[in-house]
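Because the structure is predicted, anything quoted here is derived from the model rather than measured. Read the numbers this way: they start at 1 and go in the same order the structure lists the ligands and their atoms.
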Amino acid sequence: MWRLFLLISLFAFPTSSRAAPAASEKTCGYQSCHPVKEGFINVHLVPHTHDDVGWLKTLDQYYYGSRTQTQNAGVQYIIESVIDALAKDPNRRFIYVETAFFWKWWIKQHDTVKAQVRRFVNSGRLEFISGGWSMNDEAATHYQSIIDQMAWGLRKLNDSFGECGRPKMGWQIDPFGHSREMASIFAQLGFDGVLLGRIDYQDKHFRLASKTPEMVWKSSQSLGESSNIFTGVLYNIYIAPSGFCFDILCSDDPIIDDKDSYDYNVDKRIDEFFGYLNNHSKTYSTSNILVPMGGDFNYQHAEIWFKNMDKLISYANLRQKTGSKYNLIYSTPSCYVKAIHEESTKTNKKWLVKTDDFFPYASDPHAYWTGYFTSRPTLKRFEREGNNYLQVCKQLYALADLGPEDRVDLNVMREAMGVMQHHDAVSGTEKEHVAHDYARLLSRGFDECHIITNAALSQIVTQKTNRADKIPPQPARIEFNTCPLLNVSQCELTESKDPFVVTVYNPLSRPVTKFVRLPVTGTSYSVKGPDGTLLNILYT
Ligand SMILES: *[C@@H]1O[C@H](CO)[C@@H](O)[C@H](O)[C@H]1NC(C)=O
Ligand SMILES: *[C@@H]1O[C@H](CO)[C@@H](O)[C@H](O)[C@H]1NC(C)=O
Ligand SMILES: *[C@@H]1O[C@H](CO)[C@@H](O)[C@H](O)[C@H]1NC(C)=O
Ligand SMILES: [Zn+2]
């Protein structure tokens, strides 16, 4: 897909065009980072929005921006507004994280918009960070589902943007504690670092006081060095410094630089910002600090943010003439980590090593975020069944070599499971109506998967039967039913049909011994194996 675009863009943007670099020229990645200044404390301003894939509102309510009385948040407006703001100045940067939202927006865009977004991605002005379908929870999730949801988001980015769409960092800024296994997965994804927002408050106080909020996480004993990953804990979770949230959702003063205005406030505002930076920079051990400029569902009107950050950067850096030690730049998490890497290589800096989890998470005294390990147990169970069925579905799809139409069905389940991994989904921290919506999405995933298992099993069974009977292959005719209500011991087919055939499929790569429990009416059944031998049954 990307190759195709390259060809087209070469024709569409002939070299004779006198505009800046050809659209196909790629300068993404570390080379697109704004340079840092030696001898200064480099302040990496990272414009970002944290878009929950459901929480107080459902996925679609957040995307479309409905239910504003619950929360003023519309992701489609955020992405569009950011694209417009990036177009105004090539110095500006933005990161985007949740591929579930981005993809929903991307597939509806006109080719000219897509071409513009590709240019921003290719030049590093728009950078995907983490890039999973959602920002997954790390406590209530299973590693297999984390890998699936990361793979699904990253695949979409790769398909659309190629190498420039490949995230280089983990950005787990809101999950409620962090697992070593997640760090290991990030390392094995080839990421160069991971940044965290929430760790235990006492741990954080200690690390800030001892200038050790950044470390090397040895995330797997068995994998050894290849699982080591640079890990940083952010100063203020992921939120802009107090007084410097330039969003429609905030009420902080803009920077007013008209000297004729009675409200002129540049000097005061820069002093305030430097006051914050003094505190922040004291607690980190290098001459680079990361200041997230954003928050939950920020940037619906991105120009307010960027206009004020443009001024903040230019007036703050003017102070360098009068001895300021701060150098502000637009940056991204990966540019920040690159700068730290270069500095620490030069100074041969040794990092503290971390080997265990960041669990449990307490944000304040007596505020342990541990209820979510077990809350909404039925949704948690449903999610696990979703993982099981997704594996079955993927395997049977591949085994039967089904076509693109069935792949669409499979993707419904992939996406439902990707959404379920979000830190307000399987965790159970969402509102009741949102939990219902998650169950609805997942239930649709099951239905679509059922279409695939049905088609695949029919095909596999038909092929086998035909081969044995040495007759040419016949179109599949076998109808498979599933019993989604086994959780309440209900299955219409087994309770009403006599006799019936049960197909048992083990999606694991190893043999297992399990009881198969089915609701039946009556007590005189005989159960035969595939070769006709009688099997033991147990009535309960
Ligand atoms: C990324 O996309 C390219 C081009 O379509 C493809 O060749 C490559 O296999 C993809 N990489 C992954 C990891 O899927
Ligand atoms: C800096 O830290 C001090 C001491 O904790 C605090 O009182 C002050 O409010 C902080 N200043 C800013 C601008 O954050
Ligand atoms: C059983 O599962 C279905 C979905 O498959 C769900 O609607 C129902 O609430 C579940 N029942 C219980 C008691 O958990
Ligand atoms: Zn969140």
Side-chain angles (χ1 to χ4, degrees), residues 1-7 26 43 48-57 59 62 71 73 75 97-101 118 121 128 130-140 147-148 150-167 171-178 188-191 196-198 204-205 208-209 234-245 252 268-284 289 291-292 294-298 316 326 361 363 369 372 414 419 421-431 434:
M1 206 161 167
W2 170 238
R3 269 166 213 281
L4 194 64
F5 168 75
L6 250 184
L7 280 175
K26 293 180 192 170
V43 180
H48 81 105
T49 178
H50 177 64
D51 299 345
D52 289 306
V53 182
W55 176 39
L56 306 178
K57 308 203 289 186
L59 176 79
Y62 274 132
Q71 196 178 0
V75 174
V97 180
E98 297 84 4
T99 304
F101 281 130
R118 282 198 177 101
V121 173
F128 294 104
S130 258
W133 199 245
S134 63
M135 184 186 294
N136 62 260
D137 172 61
E138 300 186 31
I147 293 170
D148 275 350
M150 288 304 301
W152 189 238
L154 295 174
R155 190 195 293 186
K156 290 295 174 198
L157 295 177
N158 183 48
D159 288 351
S160 315
F161 301 101
E163 178 59 22
C164 286
R166 183 170 67 84
W171 179 250
Q172 292 288 98
I173 51 162
D174 197 28
F176 325 127
H178 301 279
Q188 292 171 74
L189 283 173
F191 283 6
L196 311 176
R198 299 182 182 276
K204 185 167 167 186
H205 286 172
L208 291 179
L234 300 180
Y235 184 72
N236 188 25
I237 318 184
Y238 53 91
I239 302 163
S242 161
F244 291 87
C245 173
D252 298 336
K268 172 171 163 281
R269 297 294 273 142
I270 300 296
D271 287 346
E272 285 166 355
F273 198 70
F274 282 9
Y276 163 81
L277 292 179
N278 290 343
N279 281 3
H280 183 153
S281 62
K282 261 193 279 191
T283 56
Y284 285 72
I289 58 176
V291 180
D296 289 4
F297 298 95
N298 275 203
Y326 294 116
Y361 168 55
S363 52
W369 298 37
Y372 85 94
R414 281 192 164 117
V419 168
Q421 307 312 308
H422 166 53
H423 57 271
D424 292 306
V426 66
S427 60
T429 52
E430 68 280 24
K431 291 284 183 196
V434 178

Quiz item: Which class fits the ring pair H423 and F176: parallel under 30°, tilted 30 to 60°, perpendicular over 60°?
Solution: perpendicular
Quiz prompt | Y372/Y361 aromatic ring centres below 6.0 Å | solution = no
Practice problem: Check step by step if side chain to side chain contact (heavy atoms under 4.5 Å, CB included) holds for W55 and D296. | Solution: CA-CA 11 Å; W55 176 39; D296 289 4; 4.2 Å; yes
Self-check item: Ring-ring centroid check Y326 F273, cutoff 6.0 Å
Solution: no
Quiz item: Counting distance only, does the side-chain N/O of R414 pair as donor-acceptor with the main-chain N or O of D148 below 3.5 Å?
Solution: no
Practice problem: Give the ring-plane orientation class for H50 versus Y238, where under 30° counts as parallel, over 60° as perpendicular and anything between as tilted. | Solution: tilted
Quiz item: Should D159 be counted as touching ligand 1, given the test is an N or O pair under 3.5 Å?
Solution: no
Quiz item: Among the protein atoms near the Zn ion (ligand 4), how many are N, O or S and lie under 2.8 Å away?
Solution: 4
Quiz item: Taking Y284 for the side chain and Y235 for the main chain, is one N or O donor matched with an acceptor at less than 3.5 Å?
Solution: yes
Quiz item: Going by atom types alone, do H280 and Y276 pair a side-chain donor with an acceptor below 3.5 Å?
Solution: yes
Quiz item: With hydrogens left out, which residues have an atom under 4.0 Å from ligand 2, given that only heavy atoms count?
Solution: G275, Y276, N279
Exercise. Could you tell me the separation between the CE atom of M135 and the CE atom of M150, rounded to the nearest 0.5 Å?
Key: 10.0 Å
Exercise. State whether a side-chain donor-acceptor pair under 3.5 Å links T49 with N298.
Key: no
